[in-house]
Chemist: 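First the structure, then my questions, so here it is.
Each chain gets a letter, A, B and so on, in the order the sequences are listed, and its residues count up from 1.
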Protein chains: 2
Amino acid sequence: MRTALLQHIQKFISLEPSEIDIIESCISLSKIKKKEHILKEGQVCNTMYFIVNGCIRQYIINSKGAEQTLQFGIENWWITDQLSYHNHIPSHFYIQAVENTEVIAIEKPILESLLVEIPKLERYFRIVSQKSFGAMQMRIKFLFTMSAEERYHHFNNQFPEFVQRVPQYMIASYLDFSAEFMSKIRAGKV
Amino acid sequence: MRTALLQHIQKFISLEPSEIDIIESCISLSKIKKKEHILKEGQVCNTMYFIVNGCIRQYIINSKGAEQTLQFGIENWWITDQLSYHNHIPSHFYIQAVENTEVIAIEKPILESLLVEIPKLERYFRIVSQKSFGAMQMRIKFLFTMSAEERYHHFNNQFPEFVQRVPQYMIASYLDFSAEFMSKIRAGKV
DNA sequence: AAAAAAACTTGAACTACTTCAAGAAATCAG
DNA sequence: CTGATTTCTTGAAGTAGTTCAAGTTTTTTT
């Protein structure tokens with residue numbers, strides 16, 4: 001369903017039929033298998049990914065060799081390494097499918113030309129990225145002000161289905177505590 | 001110097017003289033005294049602030065009544081509560097001048113009409129906010145992977161002048177450790 | 001220049017979390 | 001359906017940081 005992206009865009013701006021045609025001609029759906037990587041540390045990230053369905057995460061490998069999830073992306077989210085994408089520098093991150101996932105992958109040159117042809121899209125990406133930034137501001141707030149247990153319960157209340165869908169150790173690292181500690185929180189042993 | 005903003009914009013897009021006139025007619029410089037607030041928790045944030053000179057921080061008051069700095073803004077940065085701004089909801093944050101600061105404050109209705117009049121500005125804000133998001137991704141990475149001492153030294157290396165300029169307890173909370181612990185790091189007692 | 005306020009330092013006691021190691025349960029591939 | 005892999009659990013020991021309280025230094029105000 002390439003229309004998922006078009007629908008998402010049209011939540012924020014309105015498109016002429018001709019513009020829809022142009023966009024459609026530029027995008028195609030790719031399937032990413034569970035555990036497959038679309039970006040690895042050291043590569044330059046040259047693509048923005050719009051998630052149609054499934055789940056993707058951005059993670060790093062820390063100094064002890066453990067994976068830490070920094071971000072999840074689900075339906076209707078964009079995911080990329082913005083710094084690597086904008087500055088053409090090697091990425092610090094891995095981006096990997098958590099489930100079998102369908103994305104619309106847009107290469108930078110294609111997206112750039114699309115933005116020139118349909119400048120209205122600048123507005124769409126401006127709004128989407130400002131909102132993502134807002135979400136990040138809240139994330140930092142939660143990380144700073146809540147205990148591990150509070151972060152777990154808060155996340156669990158906000159996204160109960162998501163917690164079912166995704167391995168616990170990924171959620172634990174996303175919330176910045178160990179998988180073992182999460183297990184104890186869930187068992188009420190803390 | 002209202003031109004600081006115009007210069008910043010022109011790093012990312014080019015402007016016609018007529019467009020510069022329009023922008024200039026919409027903006028004015030405000031002075032904010034050290035410790036003065038431009039946003040308090042509970043207020044709806046209806047303004048974006050471009051910092052011409054000085055320093056501003058966004059902070060919260062945590063459950064123990066202590067201030068925690070979530071973000072600093074300096075010359076050529078925009079600062080606002082994006083979530084409150086976009087969704088018209090009460091803010092979770094305080095935004096306060098750390099030093100006497102000059103900002104260009106743009107109210108939402110004015111900015112919206114400016115974006116309609118000069119759609120090119122969408123591109124400017126799109127790029128700026130994607131870059132800010134990228135910086136935030138790196139911030140989360142550092143918070144997750146470095147020890148308190150590493151975070152201090154890293155920050156100190158990246159922004160040595162800044163560390164001189166701003167009270168230590170604000171930097172400590174920005175790096176997510178206590179002011180006392182920072183003092184011990186600096187003294188090498190850790 | 002003095003007084004007041006703000007910022008920084010220090011050590012001792014504490015605690016929220018990690019790490020390790022091993023086993024149990026669930027899921028996946030053939 | 002079976003074995004292999006991945007994920008989750010549990011307890012014991014350890015530690016990176018916090019908290020508290022008091023004193024010192026620096027900055028600001030008058």
Chemist: OP1 or OP2 of D:dT9 sitting under 4.0 Å from any side-chain N/O of A:R186?
Modeler: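 Yes, because at least one side-chain N or O of A:R186 sits under 4.0 Å from OP1 or OP2 of D:dT9.
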Chemist: Specify the separation, in whole Å, of atom CD of B:E180 and atom C1' of D:dG23.
Modeler: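 Rounded to the whole Å, the gap is 13 Å.
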Chemist: How long is the line joining CE of A:M182 and P of D:dT9, in whole Å?
Modeler: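 To the nearest whole Å, that distance equals 8 Å.
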Chemist: Using heavy atoms to find the nearest nucleotide of DNA chain C for B:K35 and A:M146 separately, return the residue whose nucleotide is more 5′.
Modeler: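 Counting from the 5' end, the first nearest nucleotide belongs to B:K35.
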Chemist: Measure the distance from CD1 on B:I171 to C1' on C:dC8 and round it to the nearest whole Å.
Modeler: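 Atom-to-atom, B:I171 to C:dC8, this comes out as 13 Å.
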Chemist: For D:dT6, does either OP1 or OP2 sit under 4.0 Å from a side-chain N or O belonging to A:Q168?
Modeler: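 A:Q168 to D:dT6 OP1/OP2: no side-chain N or O under 4.0 Å.
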Chemist: Taking CD from A:E150 and P from C:dT15, how many angstroms apart are they, rounded to a whole number?
Modeler: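 After rounding, the reported distance stands at 17 Å.
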Chemist: Going by the side-chain contact (heavy atoms from CB on, under 4.5 Å) test, name the single residue among A:Q68, A:Q71, A:H92 that passes it with A:Q58.
Modeler: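 Exactly one pass, corresponding to A:Q71.
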Chemist: Using whole Å, report how far NZ of A:K64 lies from C1' of D:dA16.
Modeler: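 Answer to the nearest Å: 10 Å.
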Chemist: How many Å lie between CZ on B:F181 and P on C:dC8, as a whole number?
Modeler: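 Distance, rounded to whole Å: 17 Å.
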Chemist: A cation-pi test, strictly: NZ or CZ of A:R186 under 6.0 Å from the centre of the six-membered ring of A:F181 and no more than 45 degrees from its axis. Yes or no?
Modeler: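 No.
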Chemist: Please confirm whether the ring centroid of A:Y174 lies under 6.0 Å from the ring centroid of A:F72.
Modeler: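 Between A:F72 and A:Y174, which both carry aromatic rings, the centre distance is below 6.0 Å.
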Chemist: To the side chain of B:P167, which of D:dT9, D:dG17, C:dA7 is closest?
Modeler: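 Within the option list, the nearest is C:dA7.
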Chemist: Closer to the 5' end of DNA chain D via nearest nucleotide, is it A:K34 or B:S178?
Modeler: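 Residue closer to the 5' terminus by nearest nucleotide: A:K34.
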Chemist: At what distance, to the nearest 0.5 angstrom, does CG of A:L143 lie from CZ of A:R151?
Modeler: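 Those atoms lie 5.5 Å apart.
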Chemist: Give the rounded distance in Å between these two atoms: CZ of B:F177 and P of C:dT9.
Modeler: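 After rounding, the reported distance stands at 12 Å.
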Chemist: In whole angstrom, what separates B:K184's NZ from C:dA13's C1'?
Modeler: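 Spelled out: NZ on B:K184 to C1' on C:dA13 is 11 Å.
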